[in-house]
Amino acid sequence: MEPRLQGRHVPGLRMCLSVLATLLIILTDCAQSQIEPGLANMTVLEGSDVLLKCNARPNNPSAVIRYTWQFQGNTILPSWLRSCDSSQQNGNKCIYSVTASQSGYFTCTATDIGNGVVLGTLKGYVNILRPIKFAVQPRSITVATNTRAQLSCRVDPTAGSAAQINWYRQTLNPSPAQVAVSSRVKIDYAAGTLTFDYVEVSDVDLYICNASNAAGSTSVAAYVRLEGTAKPTLAPNKNPATLTVAEKSSFLLHCEVLRASPSATVHWYKGSLQLSSIPFRRSLFSNNSVKISNVEQIDVGTYYCQAKNTLGTTDSTATVVTVGDTVPTNPSGGNGSNNDDTKLIGISIGAALGGLLFWILVAAIIVSVIRKRRLAQQGTQQEWMAAQSIHREGSQNHHNPLGHQGSLFTQGRQKDSLQRRMDSSFYGRGRLSRQGPEDDVAALTKALEK
């Protein structure tokens, strides 16, 4: 009986072994298949392009792979999730010019279509951040000493992630220094405020609010000033202690006020004389610079900038010399400054008068030319009228009814009249030769007959 039982169960055992072998092959194939790492958590800035990688590498090179994507667990994909390159056999997806609303979880599953085996699944979160924008920016303030003051700085809450606020003060150091918190100076990082319970002179400065997150950082700044509490402070002198320039050239001196409360007025001096603008020689600019042009020996001396307000005065000096001169030893820089400026003013006035005389001369020449042309036209008109009169008198003599004696008498009067007209109209202008009255009358009569 046992052989029959064994015989009956042999086919079933073989079937079970075949199924187990198939499963073993599938499991082996799954273990050896792989999907390349690509999709992972990432943080990107709004407006950039994003590449989501999903590439399977099965053991069977001829396997046909299907890639299934999900966004936030939904297999119905949005239109902005596109295939990067249809010619490539991969599951990569691209998002162009991403927006903050496209942040979320992305899942990619690779499946062998031939046997239905899932080769692998990748999952990652894409965090898209908006650039930092300030909802509230600090404003410069001017307050009285020992009074309360506050600067506010808040970031737009629509940013991709919360930004961290820090306060700095721009002192005379090369780089800003973080504001030191004390019982009098307080910072509320959540609200983004910097508060002074009472302001002191040492608090006068430029304060910087810096906001930063994974998307980057940006800053805004504002001044804290006190009412009438600081005399002028000048920037480090940019002018050389000594300056040598060539004659007929020019030079420029700078003066920059860093701080003054109340605001300062700025003047330039050469020795004890306050400088003013002189055309073509000296220019004073709105940025408190002074330029000297056409340098001469009288420009040698000590120049200094003076910034002044109700609380005090601050000076900055610079010595200027022309080529071949030595630096003045008198720090007060007297050096004949009053006479020098008098000479400069005289030179400028002389140049202006010379220009005026030139134009007066040009106008006189023009008037003379116009007058000569008018006289010439008048003379020509008089000559023409005289010739016409002589022609008419000659015509009348030809028909004189007095006879021969009357004709001779009339001809004598006509000759005298003709002589006087020729003297006044023709001889003065060189039209007749003045060889004799008869010749001139004959010539004129011949010309009229023509």
Side-chain angles (χ1 to χ4, degrees), residues 139-142 169-176 201-208 221-296 298-322 327-328 330-338 340-345 347-348:
R139 297 179 179 273
S140 297
I141 55 175
T142 301
R169 59 183 298 177
Q170 177 67 65
T171 60
L172 296 179
N173 297 325
S175 60
V201 175
S202 59
D203 297 324
V204 175
D205 211 334
L206 176 66
Y207 289 86
I208 302 169
Y223 282 97
V224 173
R225 301 185 179 95
L226 293 182
E227 297 175 349
T229 57
K231 77 172 189 176
T233 300
L234 298 179
N237 197 352
K238 299 179 181 179
N239 305 314
T242 60
L243 179 63
T244 302
V245 294
E247 291 190 13
K248 303 303 179 182
S249 63
S250 62
F251 63 88
L252 182 69
L253 299 177
H254 304 277
C255 182
E256 180 182 358
V257 180
L258 284 181
R259 182 187 308 169
S261 180
S263 58
T265 57
V266 177
H267 296 287
W268 277 95
Y269 290 84
K270 178 175 181 284
S272 60
L273 179 67
Q274 181 178 327
L275 301 182
S276 58
S277 294
I278 298 178
F280 310 110
R281 287 282 288 121
R282 185 189 299 150
S283 302
L284 298 175
F285 301 106
S286 59
N287 64 351
N288 300 326
S289 298
V290 61
K291 182 179 181 181
I292 309 297
S293 304
N294 299 320
V295 173
E296 299 178 1
I298 57 176
D299 296 315
V300 174
T302 299
Y303 293 75
Y304 67 93
C305 158
Q306 183 182 88
K308 184 178 181 180
N309 66 7
T310 57
L311 297 181
T313 301
T314 304
D315 297 342
S316 178
T317 63
T319 301
V320 181
V321 296
T322 55
V327 179
N330 181 8
S332 64
N335 200 28
S337 299
N338 292 313
D340 293 346
D341 266 31
T342 302
K343 293 179 180 178
L344 289 177
I345 295 173
I347 293 172
S348 299

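None of the values given here were measured: they were computed from a predicted structure.
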Please lay out, stage by stage, how L275 and Y269 fare under the test side chain to side chain contact (heavy atoms under 4.5 Å, CB included). CA-CA 5 Å; L275 301 182; Y269 290 84; 5.6 Å; no
Could I get the full list of side chain to side chain contact (heavy atoms under 4.5 Å, CB included) partners for [X], not counting sequence neighbours?
| X | result |
| --- | --- |
| Y223 | S140, L206, R225 |
| D315 | Y304, Q306, T313 |
| S277 | L284 |

Restricting to non-hydrogen atoms, name the atom on [X] and the atom on [Y] that form the minimum distance, rounded to 0.1 Å.
| X | Y | answer |
| --- | --- | --- |
| R282 | V290 | CG-CG2, 4.2 Å |
| V245 | S249 | CB-OG, 3.9 Å |
| A260 | P232 | CB-CA, 3.8 Å |

Using side-chain hydrogen bond (donor to acceptor under 3.5 Å, both in side chains) as the criterion, list what pairs up with N288, not counting sequence neighbours.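 Not a single residue meets the side-chain hydrogen bond (donor to acceptor under 3.5 Å, both in side chains) criterion with N288.
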Under the side-chain hydrogen bond (donor to acceptor under 3.5 Å, both in side chains) test, which residues partner S316, sequence neighbours left out? N237
Donor-acceptor contact present, side-chain R169 to main-chain P176, <3.5 Å: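 Checked: no pair found.
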Has the side chain of R281 got a donor or acceptor atom that lies under 3.5 Å from a matching backbone atom of I292?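 Flag not set: sc R281 to bb I292 has no pair under 3.5 Å.
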Rounded distance (nearest 0.5 Å) linking atom [atom1] of [X] with atom [atom2] of [Y]:
| X | Y | atom1 | atom2 | value |
| --- | --- | --- | --- | --- |
| N309 | K231 | CG | NZ | 9.5 Å |
| F251 | S293 | CZ | OG | 9.0 Å |
| L252 | N239 | CG | CG | 8.0 Å |
| C305 | H267 | SG | NE2 | 10.0 Å |
| S250 | K291 | OG | NZ | 4.5 Å |

Any heavy-atom pair between the side chains of L234 and V257 that's under 4.5 Å?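 Yes - at least one pair of side-chain heavy atoms lies under 4.5 Å apart.
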Given side chains that start at C-beta, do those of L253 and W268 come closer than 4.5 Å, heavy atoms only?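 Of all side-chain heavy-atom pairs linking W268 with L253, at least one is under 4.5 Å.
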So D205 and V224, side chain to side chain contact (heavy atoms under 4.5 Å, CB included) or not? Walk me through it. CA-CA 6 Å; D205 211 334; V224 173; over 6 Å; no
After noting the C-alpha distance and the side-chain angles of Q170 and I208, does the key distance pass the side chain to side chain contact (heavy atoms under 4.5 Å, CB included) rule? CA-CA 7 Å; Q170 177 67 65; I208 302 169; 4.2 Å; yes
